[in-house]
Amino acid sequence: MTTTFADLTTMRVGGPVGRLDVATSTPHAVELIRNADATGEPLLVMGGGSNLVVGDVGWDGSVVKMGSAEFVIDGELVTAAAGMEWDTLVSAVVADGLSGIETLSGIPGSVGGTPVQNVGAYGTLTSDVLESITVFDRSAGTIERWLPEQCGFGSHRQSVFKHSDRWIVLDVTFRLRRTAQSVPITFAQVAERLQIEVGGTAAPADVREAIIAQRRDRKMVLDEHDHDTWSVGSFFINPVLAEVPRRALDCPSLPDIKGTKLHAAWLIDQAGFGPGYGLDWGNGSVALSSRHALAVTNRGGATTADVMKFAAHIRDGVAARFDIRLNPECHLVNCSY
Ligand SMILES: Cc1cc2nc3c(=O)[nH]c(=O)nc-3n(C[C@H](O)[C@H](O)[C@H](O)COP(=O)(O)OP(=O)(O)OC[C@H]3O[C@@H](n4cnc5c(N)ncnc54)[C@H](O)[C@@H]3O)c2cc1C
């Protein structure tokens, strides 16, 4: 039976995969990528498919799914292969007595996916704990060790990996802390769950539990029985603008190195798209999550065309109300927005 991207991605849409190979080790990944590049075949490298939407036409080429799952803990340094499931790593390091990534618990996807959009949640960014990355340069054919400064982090959810398929992440090393205290908890709802003050700390294992409970409430933990979680997480990225239009001056915002980062969920809600919006729109196969305004969700049987039509409808509604264009946070392949 032909594998489709609906089988491989958390949004569960997308057409057939030309040829699928699962890399079972880092050398195997390099071999598969080198072979595909040598034949000139189009190549798509993926991890857990949790930030990827592929068109209904699929991908007429090679797909390498990073599947190797080795990791090594050396004191406070943790190195994990790109294909390792991110949350399995978080669970392992918390159990080992390390602190630093417990607030990133419950995020789907692979270790290799984390630097791609500098994954972040509840006050921690990948770049906060990143020591180095092993990268395969497809143009030069070389394997290199990169420091965080080389990765192009800075503006919200950006990196050099996000804008080019030249560099493949092979493994990632994180610098954590061997301590019984978590990172400071800056989110009021999580602090409340832990019964601590905002800015306080707790045992990393307790923080992990609280974060997962909080994410479950927000439908941000994958659950095959719950359509609110059939998504890519946030479909839309918080817009960063050099100048905020007058109509959007009330929008909650934060400074960003490229200007002002606006709260896309607020813009969507204020443009008239409340939680769960969409069930009565179009053919009802795509709607906003009932708990998370940025999450476009597949209600079952959606196609990529349905997803893109719905996303464009939200984008256009926000543009009409605020004169701001929302862009996708996820990676779109063979589909237009
Ligand atoms: C329910 C849900 C909740 C989420 N919550 C969050 C959140 O709180 N914070 C957050 O930041 N994100 C969140 N996300 C988004 C997503 O989980 C992350 O972006 C994740 O890191 C993507 O990893 P992946 O392995 O699934 O990448 P994929 O979806 O497989 O790929 C995404 C992109 O990364 C590229 N890529 C993947 N692996 C590599 C590699 N080894 N080398 C080079 N490029 C690679 C792919 O080519 C593609 O362009 C959420 C998603 C879902 C579904």
Side-chain angles (χ1 to χ4, degrees), residues 5 8-12 14 22-23 26 29-30 32-33 42-54 59 62-69 80-90 101 103-127 133-138 146 151 153 156-172 187 211-212 214-216 218-224 226-238 289 291-292 294-298 328-334:
F5 284 95
L8 295 178
T9 61
T10 55
M11 182 71 97
R12 298 172 187 236
V22 179
T26 300
V30 172
L32 290 169
I33 295 162
L43 171 67
L44 176 65
V45 174
M46 63 179 290
S50 62
N51 210 20
L52 186 62
V53 177
V54 182
W59 177 261
S62 175
V63 173
V64 171
K65 183 171 161 65
M66 304 297 270
S68 56
M84 182 171 190
E85 192 182 20
W86 170 251
D87 197 50
T88 305
L89 180 69
V90 179
I101 51 175
T103 49
L104 298 178
S105 292
I107 298 178
S110 64
V111 166
T114 57
V116 174
Q117 68 153 359
N118 196 10
V119 159
Y122 297 102
T124 305
L125 291 170
T126 302
S127 53
I133 303 183
T134 307
V135 166
F136 177 62
D137 180 338
R138 290 175 63 197
W146 281 19
C151 299
F153 301 132
H156 182 57
R157 296 273 185 272
Q158 301 303 317
S159 79
V160 294
F161 309 109
K162 190 154 183 173
H163 300 290
S164 165
D165 59 3
R166 174 173 168 183
W167 298 286
I168 306 302
V169 177
L170 297 179
D171 67 41
V172 185
F187 276 69
I211 291 281
I212 290 176
Q214 177 70 18
R215 292 182 69 94
R216 272 196 213 290
R218 302 260 292 145
K219 309 278 191 168
M220 282 289 116
V221 176
L222 292 180
D223 176 352
E224 63 174 307
D226 186 346
H227 287 291
D228 267 337
T229 74
W230 291 27
S231 73
V232 286
S234 299
F235 186 95
F236 300 104
I237 193 164
N238 288 324
S289 158
R291 304 274 176 84
H292 194 301
L294 295 184
V296 170
T297 63
N298 175 355
E329 180 175 304
C330 53
H331 185 192
L332 302 179
V333 174
N334 286 346

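In each ligand, atom 1 is the first atom listed, and ligand 1 is the first ligand listed. Since we're looking at a predicted model, the values are computed, not measured.
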- Task: For ligand 1, indicate whether the residue Arg157 contacts it via side chain, backbone, both or neither (heavy-atom separation under 4.0 Å).
- Result: side chain

- Query: Which of the numbered atoms in ligand 1 are below 4.0 angstrom from a heavy atom of Ala121?
  - Reply: 8 (O)

- Where ligand 1 meets Gly109 - atom numbers and elements under 4.0 angstrom, heavy-atom basis: 23 (O), 24 (P), 25 (O), 26 (O)

- Query: What part of His331, side chain, backbone, both or neither, has a heavy atom within less than 4.0 angstrom of ligand 1?
  - Reply: side chain

- Query: So which protein heavy atom does atom 24 (P) of ligand 1 come closest to, and at what separation?
  - Reply: Gly48 N, 3.4 Å

- Only one of Thr134, Ile33, Val30 passes side chain to side chain contact (heavy atoms under 4.5 Å, CB included) with Ile168, and that residue is Ile33

- Message: Does any N or O of ligand 1 fall below 3.5 Å from an N or O anywhere on Gly47, backbone included?
- Response: yes

- Per ring-ring contact (aromatic ring centres under 6.0 Å, His included), Trp167 is matched among Phe136, Phe161, Trp146 by Trp146

- Note on the structure: closest protein heavy atom to atom 12 (N) of ligand 1 is Gln117 NE2, 3.3 Å

- Asp228: which of Met220, His292, Lys219 passes side chain to side chain contact (heavy atoms under 4.5 Å, CB included): Lys219

- Query: Using a heavy-atom cut-off of under 4.0 Å, does the side chain or the backbone of Phe161 touch ligand 1, or both, or neither?
  - Reply: neither

- Message: Minimum distance, heavy atoms only, to atom 52 (C) of ligand 1: which one of Gly233, Gly106, Ser289 is it?
- Response: Gly233

- Query: So, for Pro108 and Leu222, which heavy atoms are closest and what is the spacing to 0.1 Å?
  - Reply: CB-CD1, 3.7 Å

- Side chain, backbone, both or neither: which part of Asn51 comes within less than 4.0 Å of ligand 1 when only heavy atoms are counted? both

- For a side chain to side chain contact (heavy atoms under 4.5 Å, CB included) with Val232, tell me which candidate from Leu52, Val53, Thr297, Leu294 qualifies. Val53

- Task: Considering heavy atoms of the protein only, find what lies nearest to atom 47 (O) of ligand 1 and give residue, atom and distance to 0.1 Å.
- Result: Val45 O, 2.6 Å

- Task: Search all heavy atoms of Arg157 against all heavy atoms of Val119 and return the closest pair with its distance.
- Result: NH1-C, 4.2 Å

- Message: Applying the side-chain hydrogen bond (donor to acceptor under 3.5 Å, both in side chains) criterion to Glu329, which one of His156, Gln117, Lys162 satisfies it?
- Response: Gln117

- Message: If the cut-off is 4.0 Å to any non-hydrogen atom of Met46, which atoms of ligand 1 fall inside it?
- Response: 30 (O)

- Message: Regarding ligand 1, does Gly49 bring an N or O atom to under 3.5 Å of one of the ligand's N or O atoms?
- Response: yes

- Side chain Arg138, main chain Arg166, donor-acceptor under 3.5 Å: no

- Message: Tell me the closest heavy-atom pair linking Ser110 and Gly47, and the distance in Å.
- Response: OG-CA, 3.7 Å

- Note on the structure: The atoms of ligand 1 lying under 4.0 Å from a heavy atom of Val119, numbered in the order shown, are 10 (C), 11 (O), 18 (C), 19 (O), 21 (O)

- Query: Looking only at heavy atoms, which two atoms of Ala69 and Ala81 are closest? And how far apart?
  - Reply: N-CB, 4.5 Å

- Who's the nearest protein heavy-atom neighbour of atom 44 (N) of ligand 1, and how far? Val116 CG2, 3.7 Å

- For atom 3 (C) of ligand 1, the closest protein heavy atom turns out to be Arg215 NH2, 3.4 Å

- Task: Report the part of Leu170 in contact with ligand 1, treating N, CA, C, O as backbone and CB onward as side chain, heavy atoms under 4.0 Å; options are side chain, backbone, both, neither.
- Result: neither

- Please confirm whether the backbone N or O of Trp230 pairs with a side-chain atom of Asn298, one donor and one acceptor, at under 3.5 Å? no

- Item | Which segment of Thr10 sits under 4.0 Å of ligand 1 when only heavy atoms are counted | side chain

- Can you pull out the closest protein heavy atom to atom 16 (C) of ligand 1? Residue, atom name and distance to 0.1 Å, please. Ser50 OG, 3.3 Å

- Message: Any side-chain to backbone donor/acceptor pair from Ser231 onto Gly233? Under 3.5 Å, distance only.
- Response: yes

- Note on the structure: Trp167 heavy atoms within 4.0 Å reach ligand 1 at atoms 43 (C)

- Shortest heavy-atom approach to atom 7 (C) of ligand 1 - which of Gly120, Pro108, Ser159, Gly113: Gly120

- Contacting atoms of ligand 1, where contact means under 4.0 angstrom from a heavy atom of Met220: 1 (C), 3 (C)

- Item | Residue and atom name of the nearest protein heavy atom (relative to atom 25 (O) of ligand 1), distance in Å to one decimal | Ser110 OG, 2.6 Å

- Note on the structure: A student checking ligand 1 against Ile168 at a 4.0 Å heavy-atom cut-off should list atoms 42 (N), 43 (C)

- If you scan protein heavy atoms around atom 41 (N) of ligand 1, the nearest is Val169 O, 3.0 Å

- List the atom of Asn118, the atom of Ser127, and the distance in Å for their closest heavy-atom pair. OD1-N, 2.8 Å

- Please name all residues satisfying side-chain contact (heavy atoms from CB on, under 4.5 Å) with Ala29, sequence neighbours left out, ordered by chain then number. Ala23, Met66

- Report, in ascending order of atom number, the atoms of ligand 1 lying under 4.0 Å from any heavy atom of Leu52. 29 (O)

- Task: Search all heavy atoms of Trp86 against all heavy atoms of Ile107 and return the closest pair with its distance.
- Result: CD1-O, 3.5 Å

